[in-house]
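First comes the structure, then the notes that go with it.
Just so you know, ligand 1 is whichever comes first in the structure, and atom 1 is the first atom listed for that ligand. Bear in mind that the values here come from a model prediction, so they are computed numbers and not experimental data. In what follows, every heavy atom counts, from backbone to side chain, and hydrogens, waters and symmetry copies are set aside.
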Amino acid sequence: MADDRAKLLAKFIEPLRVKPGSKVKLARDFDPGYKASFLSKKDGAAVVGAGVDVLAEYQARLAAQDTWGVLVCLQALDAGGKDGTIRHVMSGVNPQGVHVSSFKVPSAEELDHDYLWRYSQRLPGRGEIAIFNRSHYEEVLVVRVHPELLDRQRLPAPARGKGVWARRYREINDWERFLADNGFKVVKLFLNLSKEEQRIRFLRRLDLPDKNWKFSAADARERKYWDDYQTAFSEMLSNTSTEWAPWYVIPADHKWFARACVSAVLAYTLMEIDPHYPKVDAAKRKDLAETKALLEAEAPKGAAPDPFEAGLAAEAGQQEDGPESKQARKQRERMAKIRAKAAKA
Ligand code: AMP
Ligand code: MG
């Protein structure tokens with residue numbers, strides 16, 4: 001991997017990854033309240049900041065290379081923080097290269113097709129990042145917890161019955177493998193919230209008038225099925241974390257920590273792809289040089305033949321011996337501290 005920052009990220013996100021083939025019991029294996037001991041809230045913001053920079057840089061290269069695509073699947077229970085995470089983590093990237101799709105209760109047209117149909121229409125193109133706010137995993141989560149939703153899908157009799165969930169896991173794994181083999185990286189993030197933190201966040205939505213719109217009484221009623229969801233999530237993680245598309249379980253009770261983790265996973269994923277700007281070949285370079293000479297010859301009397309080149313040279317000189325900006329220095333020092341603390345931990 002080209003970047004030194006990748007090592008810090010790898011260490012940071014390793015404990016969040018679900019080992020393919022391992023049997024997960026959420027309550028036993030993952031603490032929603034976890035935050036790395038070496039990281040303060042302020043450090044967390046710095047990690048998000050660094051992640052945002054990395055994402056912006058690598059997303060531009062991903063788009064230019066136009067070879068790989070990235071699909072990010074975000075799953076969580078209500079109030080898990082999906083919307084806020086997307087807003088913060090993707091704040092630095094060019095909106096032209098990213099699209100977000102939210103999946104709600106399926107429409108009549110969607111129910112008329114196979115269960116992956118609507119998701120496949122929203123996949124990223126090459127050079128793009130697609131974010132699924134809820135994803136095809138709802139098909140083994142809400143649909144599993146509420147079997148009447150499966151009835152609405154009007155499957156033929158042999159496709160229903162006891163084996164349906166094991167089959168869906170296999171089909172989803174196969175689908176993701178197909179995508180991975182064809183240049184589309186699938187990143188799966190589960191924001192793991194505790195029942196008590198969800199209660200507090202619902203109350204916040206009730207207490208703050210500006211947040212009322214986000215509250216739905218149906219969401220609160222869904223708390224009755226908490227244990228069923230925990231089981232469905234555990235089964236999903238046990239059966240669909242694969243070498244080609246692993247799950248990350250993000251501790252979500254502390255929003256700042258969840259955002260730092262998501263930012264780190266996405267930055268790491270892009271670094272792993274390591275996209276490059278297309279190289280310009282000799283013929284093209286010659287072409288560029290000839291065009292440059294022609295444009296320079298057109299300079300009006302008294303004007304610099306290439307004012308942009310003059311500016312570039314001045315900038316390079318400043319960077320070599322000029323002082324670093326205060327903000328850049330602070331960011332660099334903070335990241336160095338986090339690196340040192342992480343190395344000790
Ligand atoms: P929200 O994302 O909070 O706006 O709510 C979307 C709602 O759509 C949630 O209650 C989901 O459980 C529901 N939903 C999402 N996907 C499906 C699906 N495949 N089948 C049934 N309900 C779904
Ligand atoms: Mg909702």
For [X], counting its heavy atoms only, list the atoms of ligand 1 lying under 4.0 Å from any of them.
X	answer
L149	21 (C)
D78	3 (O)
Y119	19 (N)

So is [X] polar-close to ligand 1, meaning N/O to N/O under 3.5 Å?
X	answer
V105	yes
K82	no
D219	no

Which one holds for [X] and ligand 1: side chain close, backbone close, both close, or neither close, with close meaning a heavy atom under 4.0 Å?
X	value
R134	side chain
A218	neither
K214	neither
K104	both
V143	side chain

Working note: Y229 + E222, criterion side chain to side chain donor-acceptor pair (under 3.5 Å); need CA distance, chi angles, decisive distance, verdict. CA-CA 9 Å; Y229 274 107; E222 206 64 5; 2.6 Å; yes
Thinking salt bridges, do [X] and [Y] make one under a 4.0 Å N-O criterion?
X	Y	answer
E176	K188	yes
D151	R160	no
E148	R152	no
R144	E139	no

Contact between P106 and ligand 1, counting heavy atoms under 4.0 Å? yes
Which of these, E110, E148, H146, R118, has its nearest heavy atom closest to atom 17 (C) of ligand 1? R118
So, taking the atom named OG in S135 and the one named CD in Q75, what distance separates them when rounded to the nearest 0.5 Å?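 So the OG of S135 and the CD of Q75 are separated by 3.5 Å.
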Modelled atom types, side-chain donor and acceptor of T242 and N173, under 3.5 Å: no
Quick one: do the Y277 and R61 side chains pair a donor with an acceptor below 3.5 Å? no
Sequence neighbours left out, what passes side-chain contact (heavy atoms from CB on, under 4.5 Å) with R223? Give chain and number order.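 Here the qualifying residues are K195, Q198, R199, F202.
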